[in-house]
Protein chains: 2
Amino acid sequence: MLDERSRQVLRAVVQSYINKLEPVGSRFVTKKYALGCSPATIRNIMADLEDLGFLSQPHTSAGRVPTDKGYRFYVNFLGDAGEYGEQDAELKDCVCRFTRRLEGIGSDLNGMFVEVTNALSSMSNYIGVVMPPRPESTTFNRIDFIRYKADKVVAVLLTDEGVIKNKMLSVDVAFTQEDLNRIAGYLNSEYSGRTIDEIKSILVKKMRQEKAAWDKLITNAIKIYEEATSFAEEDFFVSGLYDVMGLPDFSDMSRIREISRAIKDKHAILKLLEELSSAEGVQVVIGNENPVEELKGQSVVASTYKEGERPMGVIALIGPTRMDYSKAIYMVDAISKCISRTFE
Amino acid sequence: MLDERSRQVLRAVVQSYINKLEPVGSRFVTKKYALGCSPATIRNIMADLEDLGFLSQPHTSAGRVPTDKGYRFYVNFLGDAGEYGEQDAELKDCVCRFTRRLEGIGSDLNGMFVEVTNALSSMSNYIGVVMPPRPESTTFNRIDFIRYKADKVVAVLLTDEGVIKNKMLSVDVAFTQEDLNRIAGYLNSEYSGRTIDEIKSILVKKMRQEKAAWDKLITNAIKIYEEATSFAEEDFFVSGLYDVMGLPDFSDMSRIREISRAIKDKHAILKLLEELSSAEGVQVVIGNENPVEELKGQSVVASTYKEGERPMGVIALIGPTRMDYSKAIYMVDAISKCISRTFE
DNA sequence: ATTAGCACTCTCATGTCGAGAGTGCTAATC
DNA sequence: GATTAGCACTCTCGACATGAGAGTGCTAAT
């Protein structure tokens, strides 16, 4: 589709633009990359690339800037194979140290996710996002009820993956702690090992059938499951808004405002990540390809983490379209694998 | 100190500036506020106020802008007595609806705090902050241990105030659930009702004395208490960075960057809030009075909430120096009282 | 003591100009 | 026939000037 030299020029433009953030001219390319031809030749090639839609000029007689299509081509064909592994020693070292740190944390999932978002954002200067395991891919380990004052019960839900969720419930009947233990025991023996969603539907059915004495608590149990279900839609982990404000891309404020609105809404981002979660490997969404209105103009690099073969959740980096894709892809890939490993 | 008319002019300038965010000129004051004298007179008075340090001009022949001292005087003497109660019906309505909503939430403290920060920021367009109860003012209700997989125990800590805290611990000895219950029972009967800090010091002493079989778990229990202690330093609740970005004061970005750095650090803000927590009633810190470097240039309106007579924590609004103090004070006061009420 | 009038000052938006950077085209070159 | 050198052209950007607008400070009149 593109001859070798055109590719080299395209790669040169993209890389230069990623670093300098200024339109790159023909002279600059010849100087920095020894392609063995003169500025004029480069100009011709660049004009061709522009016709093909890979580059564009902010105005006549400025340098060229990659279009989304240009980045896409770069990501697909140019930074390919092996090159994503070639990162500076410093970054590799960072990731490595982080990996070791993560192993130390063990199975406190929430704590781990906080660490992961922080690591993602501080290493990359982009926004780090982690979507925790979706309830349908999470299996119930056990539930416990703790009596708290006369009319309150605290429910603590554990999943096999290490998610802990607690919720205070108000109850009408005054249960003793023994009552609660019995009920918890029943639920645990009956349902341990199933997915949260399964249990929810079973319990809903049961509730319709029996109107036993502890109906009330089952109702409450269902409330918890609903909490746990809504978990993924409420809490996902974000960090790096501050880091990203340091980038020259966002000196303008309006972008930041858009992004932070998107994050505040959460809904849109979650939908996006969910879409990406079905695919294998590292996903890259560039600029306008992004279905979320507020994030057109940003790029997203995402990857799922798994328990064995089952995909659990997604981690992602959000940054400007001119983000350092090779670095971002490397990081997201490395860290998602690292999370997967902790599940073993 | 200031004659009546000077005060009126000062108040007029402050209020106008708060609304318009533009330097206010003498003509404008005569038009908007019927003080019964001409622009020239106002000019004289304004010149006096400037000499006294209450007003300043961005440049010769712009209108006047209040200084920090001007705001301070306004807050102390001009917006006084009763006036803070006179808010638009809409705001009052909002606060009222919120109060009712809070009562519905009941004793899930964390959930409540999230609600409170959201309410604070969305009603005011400033940044809402809540500092949760400090561990020294929090009393232990009960702890429970839940066995999770072979070598993990989840500890759940409840305080009388409704704070729930959980933590996954790794243990060497394989406890049965009965072991754990016995240990929890012992701790609960022994220590319930004391403050977290007390217990911590007692346990540390005990640990030195006994080297019993369940030593390990006491060590872990102490770990949890340490967690609970660090609680206030880690998690405080903030929201509204997005709302604040909409304000014209922050079209400039550098301020936002400062603020978000301050929030990210947390430390500085916590220190400030802690200082404010010792005082009675609503505290107002204006601009340069602020000890935190990053927040000079912002103002903070804060108030403690209490359980009975004991101060528990602080809620605050952070906004530009030209914030609507009367509204902010009203809100912070109303909401802190409202929180206090839920503890009864 | 207050006010009207007027000169003065400062900002801000607008417009002009030249330097600099980069292109596109054409003609010469390998 | 592909590549290159040369040159005119275009566009941005900062510097500088200009004029309108807003607001002041001062003085003289009320």
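Convention: sequence-line order gives letters A, B, ...; per-chain numbering from 1.
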Q) What is the per-nucleotide protein-contact pattern of nucleotides 13-30 of chain C, from the 5' end, where B denotes a base atom under 4.0 Å from a protein heavy atom, S denotes such proximity for sugar-phosphate atoms only, and - denotes neither? A) --------BBBB------
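- Atom NE2 of B:His59 and atom C1' of C:dC10 are 6 Å apart (whole Å).
- In this structure, a donor-acceptor pair under 3.5 Å is present between the side chains of A:Asp3 and A:Ser6.
- Atom SG in A:Cys37 sits 14.0 Å away from atom OH in A:Tyr33 (nearest 0.5 Å).
- Counting only distance, with no hydrogens or angles, the side chain of B:Ser16 and the backbone of B:Val24 share no donor-acceptor pair below 3.5 Å.
- When rounded to the nearest whole Å, the span between CD of B:Glu22 and P of D:dG21 equals 17 Å.
- Within the 3.5 Å criterion, the main-chain N or O of A:Val292 finds a donor-acceptor partner in the side chain of A:Asn290.
- Of the possible donor and acceptor atoms, none in the side chain of A:Arg322 sits under 3.5 Å from a partner among the backbone N and O of A:Pro66.
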Q: For DNA chain D, just give me the dot-bracket, please: Watson-Crick or G-U, both distances below 3.5 Å, ( ) intra-strand, [ ] crossing earlier pairs, | paired with another strand, . unpaired.
A: ||||||||||||||||||||||||||||||
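- Looking only at atom types and distance, the side chain of B:Ser239 has a donor-acceptor partner in the side chain of B:Ser121 under 3.5 Å away.
- Taking 4.0 angstrom as the limit, B:Thr41 places a side-chain polar atom (N or O) nearer than this to OP1 or OP2 of C:dT3.
- Looking at residues two or more places apart in sequence or on another chain, you find a salt bridge (charged side-chain N to carboxylate O under 4.0 Å, His left out) between A:Asp93 and A:Arg97.
- Side-chain contact of B:Tyr126 with B:Ser299: a donor-acceptor pair under 3.5 Å is absent, judged by distance alone.
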